[in-house]
Engineer: 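This is the structure, below, for whatever I ask next.
Values below: every heavy atom of this structure, side chains too, minus hydrogens, waters and symmetry copies. We count residues from 1, following the sequence as given. In this text the structure is predicted, and so the values were computed from the model without any measurement.
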Amino acid sequence: MERTGPTVRFSGLLAAATAAVLAAGALVATAPAAGAADVDLARNGGFESGLDGWSCTAASGAAVSTPVHGGTKALKATPAGSDNAKCSQTITVKPNSSYTLSAWVQGSYVYLGASGTGTTDVSTWTQSSGAWKQLTTTFRTGPSTTSVSVYTHGWYGTPAHYVDDLTLVGPGGDPVVIPAVPAGLKTTAITSSSVALSWNAVSGASGYNVYRGGTKVATATGPSATVTGLTPSTAYSFQVSATNAAGESAKSTAIAATTTAGGGGGGDTKLPARALVGYLHSSFANGSGYTRMADVPDSWDVINLAFGEPTSVTSGDIRFSLCPVAECPNVESEAEFKAAIKAKQAAGKKVLISIGGQNGQVQLASTAARDAFVTSVSKIIDTYGLDGLDIDFEGHSLSLNTGDTDFRSPTSPVIVNLISAVKSLKAKYGSDFVLTMAPETFFVQLGYQFYGSGPWGGQDPRAGAYLPVIHALRDDLTLLHVQDYNSGPIMGLDNQYHSMGGADFHIAMTDMLLAGFPVAGNTSRVFPGLRPEQVAIGLPASTQAGNGHTTPAEVNKALNCLIKKTDCGSYQTHGTWSDLRGLMTWSINWDRFNNWEFSRNFDAYFGN
């Protein structure tokens, strides 16, 4: 969240990617002659069948009839904003084999490459090509590599480029076979309305189908899923199958699970079934104006006080005070503020202290900082009689040390100490302690592609850095409301990039949280999906509040898709998330500035 204008945080990762791509440009090689048994493995490399076989980012790719190098069609791809117009195809190959990748291109800064080779990924590029030019590179697959991704892309801000007659020549891969039946199916969490399942990963599987009583109810990309919309105190039977391009395996042995009688699970804390969460600018003023606690409408179920901030980045000593009169002439007295909090709580509302924000960098790099955090946050909670804590760490608060590559067992001190501190607070205040988090997409969903500095270094170490915190605290977490704004394009589970501002972005980003996803593409390290009642969608309340404002009509489309599976557009969700908790916004102040458009739409949609 920010006090002033929006900030987009993708520059570090893009800079690292730029350096990597430019370095890879030196890998141009002369193609050896193809062996007698070699064949062209690329599907529709001349784009004669449009984009069949190809996956292109956003709406950047299209088959055109002019200009062409051969045949009647070629690919036209247009970079836009932070989208480099990448088109890719996954191709089955043989281990320990040599391949030659080639394509004819036209345009400035056109790249051709292969990834997932199991050895050294390669790429080549042309800086300027007014006429058709052939790009060629070679690679050798690793000892266990059975597929690679070949791709082309342009560069940010450059005009459209063209690609034609792309080939990958080498030994054909073994035929794809139907995967084995998954083993080890078990339950990992059960609530009154959901059952979380996991099973052993199956070699060669690209996805899984989950069955309840013989009916398919969910799909998953990794070996876990959560089935929702269940009835309390009811027995169910579950099975799972594995799928790939060849087909679907038989179903696994069935297991039984009975939902609990009560609602919730870890961290529910008696929130309404549909909750509206908002941030209240309590410690500062900006263009939205100061809003007194007593003037916050009843629509708001969770009120996050923005912000508690540290005395220094690494001190862990968090302080909070009301906005100074000189900055906020209409600010209430502290006694009035406390009385208004009690009145909200008496009406069933939750009031939390939010730590961090755009200016409040918090790095718990030492145990001393961890302990100071627990002590100082406890003091704020006790002083104002608050219900819990919202973690809004942004900027450089969280990052992963080199070598910290598994979100399930983090080693970076700033991560480990934060988890420990929050667990201490939860233990101190008990089961009614409300815990929420408001990370940016960079720190969560980007983890589907990138995690920390990566296995070879060079990536932004903050990428996906919230994932170990969310995972370690999932049993204590009341709500996760990722900020679906001030974000660059993010790849969804459909392997397409999604951009903020419309229903599609919120659908794709929220579905990732609920379905789960392999972290950095590693199918042995799958971030399990959260329960729907633990998730709300984070949006700006007005165009002034941040980049990525979404109109009420588009917000309602996103809710329709996620809750009812209608109005979904091109993205297909991996479940019907009928228990989705609600919406979060930055901020209550900005919503008031915008004539309460956001909260009124929420009330109208859910019939409040």
Engineer: Could you measure the distance from the NZ atom of K428 to the CZ atom of F433? Nearest 0.5 Å is fine.
Structural biologist: 10.0 Å
Engineer: Would you say that Y571 contacts C561 through its side chain, given a criterion of any heavy-atom pair below 4.5 Å between the two side chains?
Structural biologist: no
Engineer: Is a side-chain N or O of Q363 found less than 3.5 angstrom from the main chain of H396, in a donor-acceptor match?
Structural biologist: yes
Engineer: Side-chain contact, heavy-atom cut-off 4.5 Å: K338 with T383?
Structural biologist: yes
Engineer: Minimum heavy-atom separation for G360 and S397, please, with both atom names.
Structural biologist: O-OG, 4.1 Å
Engineer: Could you label the plane-to-plane angle of the W586 and H281 rings as parallel, tilted or perpendicular, counting under 30° as parallel and over 60° as perpendicular?
Structural biologist: parallel
Engineer: Stepwise, does the side-chain contact (heavy atoms from CB on, under 4.5 Å) test hold for W590 with N286?
Structural biologist: CA-CA 10 Å; W590 280 117; N286 62 12; 3.8 Å; yes
Engineer: Under a 4.5 Å cut-off applied to non-hydrogen side-chain atoms, are F393 and L418 in contact?
Structural biologist: yes
Engineer: Run through M437, R581, Q534, E533 and flag the one making a side chain to side chain contact (heavy atoms under 4.5 Å, CB included) with L479.
Structural biologist: R581
Engineer: Would you check if the side chain of D484 reaches a backbone N or O of L539 as a donor-acceptor pair within less than 3.5 Å?
Structural biologist: no
Engineer: Could you tell me the separation between the CG atom of L559 and the CD atom of E554, rounded to the nearest 0.5 Å?
Structural biologist: 11.5 Å
Engineer: Could you check whether any side-chain heavy atom of Y451 comes within less than 4.5 Å of a side-chain heavy atom of N522, counting everything from C-beta outward?
Structural biologist: no
Engineer: Apply the side chain to side chain contact (heavy atoms under 4.5 Å, CB included) test between I537 and each candidate in V555, L583, V482; give the one that qualifies.
Structural biologist: L583
Engineer: Between atom CG of N304 and atom CE of M584, what is the distance when rounded to the nearest 0.5 Å?
Structural biologist: 8.0 Å
Engineer: Output the distance between atom CG (L477) and atom NE2 (H471), rounded to the nearest 0.5 Å.
Structural biologist: 12.5 Å
Engineer: Does K342 NZ have over 12 foreign heavy atoms under 6.0 Å away?
Structural biologist: no
Engineer: Would you give the length of the straight line joining atom CG of L514 to atom CE of M509, rounded to the nearest 0.5 angstrom?
Structural biologist: 12.0 Å
Engineer: Look at the side chain of S376 and the backbone N and O of A372, then say whether any donor-acceptor pair between them is shorter than 3.5 Å.
Structural biologist: yes
Engineer: Any side-chain to backbone donor/acceptor pair from S499 onto P489? Under 3.5 Å, distance only.
Structural biologist: no
Engineer: Give the minimum heavy-atom separation between S378 and L425, together with the two atoms involved.
Structural biologist: OG-CD2, 3.3 Å
Engineer: Going by atom types alone, do S299 and D603 pair a side-chain donor with an acceptor below 3.5 Å?
Structural biologist: yes
Engineer: Show your reasoning for whether side-chain hydrogen bond (donor to acceptor under 3.5 Å, both in side chains) applies to Y290 and D295.
Structural biologist: CA-CA 10 Å; Y290 185 83; D295 295 333; over 6 Å; no
Engineer: Starting from the C-alpha separation in whole Å, work towards a yes-or-no answer on side-chain contact (heavy atoms from CB on, under 4.5 Å) for V444 and M512.
Structural biologist: CA-CA 10 Å; V444 184; M512 294 179 77; over 6 Å; no
Engineer: Taking the side chain as every heavy atom from C-beta outward, state whether K344 and V296 have any atom pair closer than 4.5 Å.
Structural biologist: yes
Engineer: Does N417 form a side-chain contact (heavy atoms from CB on, under 4.5 Å) with T367? I'd like the steps, not just the answer.
Structural biologist: CA-CA 7 Å; N417 289 331; T367 55; 4.3 Å; yes
Engineer: Is L446 close to T441 at the side-chain level, that is, under 4.5 Å between some pair of heavy atoms?
Structural biologist: no
Engineer: So, for L322 and E334, which heavy atoms are closest and what is the spacing to 0.1 Å?
Structural biologist: CD1-CA, 3.9 Å
Engineer: Is it the case that more than 12 heavy atoms not belonging to K557 sit under 6.0 Å from its NZ atom?
Structural biologist: no
Engineer: May I ask you to establish whether R274 and F602 are in a cation-pi arrangement, using a distance under 6.0 Å from NZ or CZ to the six-membered ring centre and at most 45° from the ring axis?
Structural biologist: no
Engineer: Minimum heavy-atom separation for F407 to V526, with atom names?
Structural biologist: CZ-O, 3.3 Å
Engineer: Assess whether salt bridge (charged side-chain N to carboxylate O under 4.0 Å, His left out) is satisfied between R525 and D406, documenting all intermediate values.
Structural biologist: CA-CA 7 Å; R525 295 179 180 175; D406 190 344; 3.8 Å; yes
Engineer: Any side-chain donor-acceptor pair under 3.5 Å between Y279 and D390?
Structural biologist: yes
Engineer: Quick one: do D301 and K350 satisfy side-chain contact (heavy atoms from CB on, under 4.5 Å)? Show the steps, please.
Structural biologist: CA-CA 6 Å; D301 301 296; K350 305 296 183 182; over 6 Å; no
Engineer: Main chain of E597, side chain of N595: is a donor-acceptor contact present, judged purely on distance under 3.5 Å?
Structural biologist: no
Engineer: Any side-chain heavy atom of Q445 sitting closer than 4.5 Å to one from S487?
Structural biologist: no
Engineer: Does the T550 side chain pair with the main chain of G548, one donor and one acceptor, at a distance under 3.5 Å?
Structural biologist: yes
Engineer: Would Q544 and N594 count as having a side-chain donor-acceptor pair, cut-off 3.5 Å?
Structural biologist: no
Engineer: More than 12 heavy atoms of other residues, nucleotides or ligands under 6.0 Å from NZ of K379: yes or no?
Structural biologist: no
Engineer: Any sub-3.5 Å donor-acceptor pair from T411's side-chain atoms to D404's backbone N or O?
Structural biologist: no
Engineer: Any donor-acceptor pair under 3.5 Å linking the side-chain atoms of D382 with those of Y429?
Structural biologist: yes
Engineer: Identify the two heavy atoms, one from R462 and one from S399, that lie closest to each other, and give their separation to 0.1 Å.
Structural biologist: CG-CB, 3.7 Å
Engineer: Taking the six-membered ring for Trp, is the centroid-to-centroid distance between F320 and Y384 below 6.0 Å?
Structural biologist: yes
Engineer: Between L480 and P439, is there a side-chain heavy-atom distance shorter than 4.5 Å?
Structural biologist: yes
Engineer: How long is the straight-line distance from CD1 of I470 back to CZ of F443, given to the nearest 0.5 Å?
Structural biologist: 11.5 Å
Engineer: Side chains of S333 and E336 only: does a donor on one sit below 3.5 Å from an acceptor on the other?
Structural biologist: yes
Engineer: F284 vs F307 aromatic rings, parallel, tilted or perpendicular, using cut-offs 30° and 60°?
Structural biologist: parallel
Engineer: Between the main-chain N or O of F598 and the side-chain N or O of D591, is there a donor-acceptor pair closer than 3.5 Å?
Structural biologist: yes
Engineer: Look at the side chain of E332 and the backbone N and O of R292, then say whether any donor-acceptor pair between them is shorter than 3.5 Å.
Structural biologist: no
Engineer: Specify the closest pair of heavy atoms between C323 and A285, including all atoms of both residues, with the distance to one decimal.
Structural biologist: SG-N, 3.9 Å
Engineer: Are side-chain N/O atoms of Q345 and D387 paired as donor and acceptor at under 3.5 Å?
Structural biologist: yes
Engineer: Between S198 and S224 (side chain of the first, backbone of the second, donor and acceptor by atom type, cut-off under 3.5 Å), is there such a pair?
Structural biologist: no
